[in-house]
Colleague: 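Quick one: the structure is below, questions incoming.
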Amino acid sequence: MLYNQILVRFGDLTLKGKNQKEFLHRLYDLMAIKMQGLAVEIENTYDRIYIHLNDCEVEEVIQRLDYVSGISSYSLVVKCKNDIQTIKTTALELMKEIAVKDTTFKVETKRANKSYPLHSMEVTRAVAGYVLANHPALHVDVHHPEVTLHIELKGNDCYLYNTEIKAMGGYPVGVAGKGLLMLSGGIDSPVAGYLAMKQGVEIECVHFESTPLTSIESAQKVVDLVKKLAKYAPKNKINLHFVPFKEIHMALLEHIPESYNITIMRRMMYRIASKLAEKKNCLCLINGESVGQVASQTLQSMKTINYVTNFPILRPLCTYDKVDIIQLSRKIDCYDLSIKPFEDCCTVYVPKAPATAPKIDKCETFEKKFDFDPLVTEAVEHTNSITIDQNSDLDLSLLGLEVREVIFELKNQ
Ligand code: ATP
Ligand code: MG
């Protein structure tokens, strides 16, 4: 294969000045981490990044680029000397590789270097003429060509390419600061985490676990989902916080009327998540709520639940419908894990008629009937935190213990 580099574009930067510098710096670091172990070389120029392939497997490099947020598109390119004779022969060689049968094509030239003796049009004409004369299967079609051969002249270099592949887009993860993702074992929250990272937000994850009311497998599922998300993280690692939620769960079942159980459970989750976010220097909470999806996600519910915290809450999926969410879930390889049927604390107890328009004052009245504060404080204090690497082989079930004990043991190793 003739291609020797990948040209990486990051689109029109709306960021200015210092932020732009930070963006580029992050993007470079992120790419370097994702390419670790490969012999590629990354060249940073002010408006582009070039990956020198150095004979590495191009498929492998491209696959890794799929995990880098902040890249708008990329192209496989052949770099050669900015000299008309070299450009002509390189273009012919490339077209011979791309077009083995009858193909229509056109040439398009861009010139960063205005001092170059030939104008763009002249280069286009010279190269197209040469390639046509030496490659009988090619025909010119300037309106709807099957192949467009792009030529970019920059200083002493020339880049030739024929495809532009759309990449993840967004901003380099981390550039926007850090948020705390409320991660259940379902379909939505991992997708919400992915979208937040895509938009530049680094994440830590919190999971409310109610073992032994719920199974160890439901906690393992969360670990496995975090492993998938870690592939997008700045250092391929994400911190996961397991909050012991059983006591609160039991207290809710005992002291709160059934129709308000879910609402108040979620208010407890928001309270705890906010305290953790504060501790971990996270600037926002992130969750997988989508307007109208279930009783706890009506706008009235959201308002009542939201009332307990001042943290901004990102709901990347708030306007998505389920079909689109599932498509994204598959894209990030979480779907098969998410649909594994292990119950979490939301599914272990489902009230028959949850309030769809719960009121703030009613919640406050119910919450006064039992002193939840010590339980909330205790849950925060007994939260167990672990760092999950994309290649982690952590298997909770093998240890055959309650999650709490397992995590505690791991932490103290
Ligand atoms: P998901 O598919 O992400 O589970 P869902 O549609 O089932 O979402 P809910 O169960 O109402 O919705 O939860 C809404 C959001 O609350 C979830 O997307 C997640 O962000 C958060 N959440 C729910 N349960 C937990 C949990 N046990 N631990 C952490 N966060 C949770
Ligand atoms: Mg759920």
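Start at 1 and go down the list; that is how both ligands and their atoms are numbered.
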Colleague: E108: which residues meet the salt bridge (Lys or Arg N to Asp or Glu O under 4.0 Å) condition with it, sequence neighbours left out?
Modeller: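 Partners of E108 by the salt bridge (Lys or Arg N to Asp or Glu O under 4.0 Å) criterion, ordered by chain and then number, come out as K106.
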Colleague: Is the positively charged end of R9 above the ring of Y159, judged by distance under 6.0 angstrom from the centroid and angle within 45° of the axis?
Modeller: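 Not flagged: R9 not positioned over aromatic ring of Y159.
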Colleague: Please classify the I286 to ligand 1 contact at 4.0 Å (heavy-atom distances, strictly less than): side chain, backbone, both or neither.
Modeller: neither
Colleague: Which ligand 1 atoms, with their elements, are less than 4.0 angstrom from a heavy-atom of V206?
Modeller: 29 (C)
Colleague: Give yes or no for whether the N/O distance cutoff of 3.5 Å, strictly under, is met between I187 and ligand 1.
Modeller: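 By distance alone, the answer is yes.
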Colleague: Out of H207, E289, Q297, H249, whose heavy atom is nearest to atom 9 (P) of ligand 1?
Modeller: Q297
Colleague: List every atom of ligand 1 that sits less than 4.0 Å from any heavy atom of D188, numbering the atoms from 1 in the order shown and giving each element.
Modeller: 1 (P), 2 (O), 3 (O), 5 (P), 6 (O), 8 (O)
Colleague: Compare F208, Y270, F245 and give the one whose heavy atom is closest to atom 28 (N) of ligand 1.
Modeller: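 Selected option, by shortest heavy-atom distance: F208.
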Colleague: Please identify each residue that fulfils salt bridge (Lys or Arg N to Asp or Glu O under 4.0 Å) with K221, with sequence neighbours left out.
Modeller: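 Salt bridge (Lys or Arg N to Asp or Glu O under 4.0 Å) check on K221 returns nothing, list empty.
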Colleague: What are the atoms of ligand 1, with element, lying closer than 4.0 Å to any heavy atom of N287?
Modeller: 20 (O)
Colleague: Under 3.5 Å, N or O to N or O, is G185 touching ligand 1 that way?
Modeller: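 No; the residue has no nitrogen or oxygen that sits under 3.5 Å from a nitrogen or oxygen of the ligand.
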Colleague: Can you find a side-chain donor-acceptor pair between E152 and Y161 that sits under 3.5 Å?
Modeller: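 Indeed, the side chains of E152 and Y161 share at least one donor-acceptor pair under 3.5 Å.
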Colleague: Closest by any non-hydrogen atom to atom 23 (C) of ligand 1: pick that one out of E209, R266, M265, M182.
Modeller: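 Ranked by closest heavy atom to atom 23 (C) of ligand 1, first place is R266.
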Colleague: Hey, is CD on E60 packed in by over 12 heavy atoms from elsewhere, all under 6.0 Å?
Modeller: yes
Colleague: Counting distance only, does the side-chain N/O of N54 pair as donor-acceptor with the main-chain N or O of A39 below 3.5 Å?
Modeller: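 Indeed, once roles are kept as given, a pair shorter than 3.5 Å links the two residues.
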Colleague: Just which atoms of ligand 1 are under 4.0 Å from any heavy atom in G186?
Modeller: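 Checking each atom against G186, I get 1 (P), 2 (O), 4 (O).
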Colleague: Any chance you could measure L229, atom CG, to N236, atom CG, to the nearest 0.5 Å?
Modeller: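 Rounded to the nearest 0.5 Å, the CG-CG separation comes to 12.5 Å.
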Colleague: In terms of heavy-atom contacts, does CG of D55 have more than 12 from other residues, nucleotides or ligands at under 6.0 Å?
Modeller: no
Colleague: Relative to the heavy atoms of G288, which atoms of ligand 1 are at a distance of less than 4.0 Å?
Modeller: 17 (C), 18 (O), 20 (O)
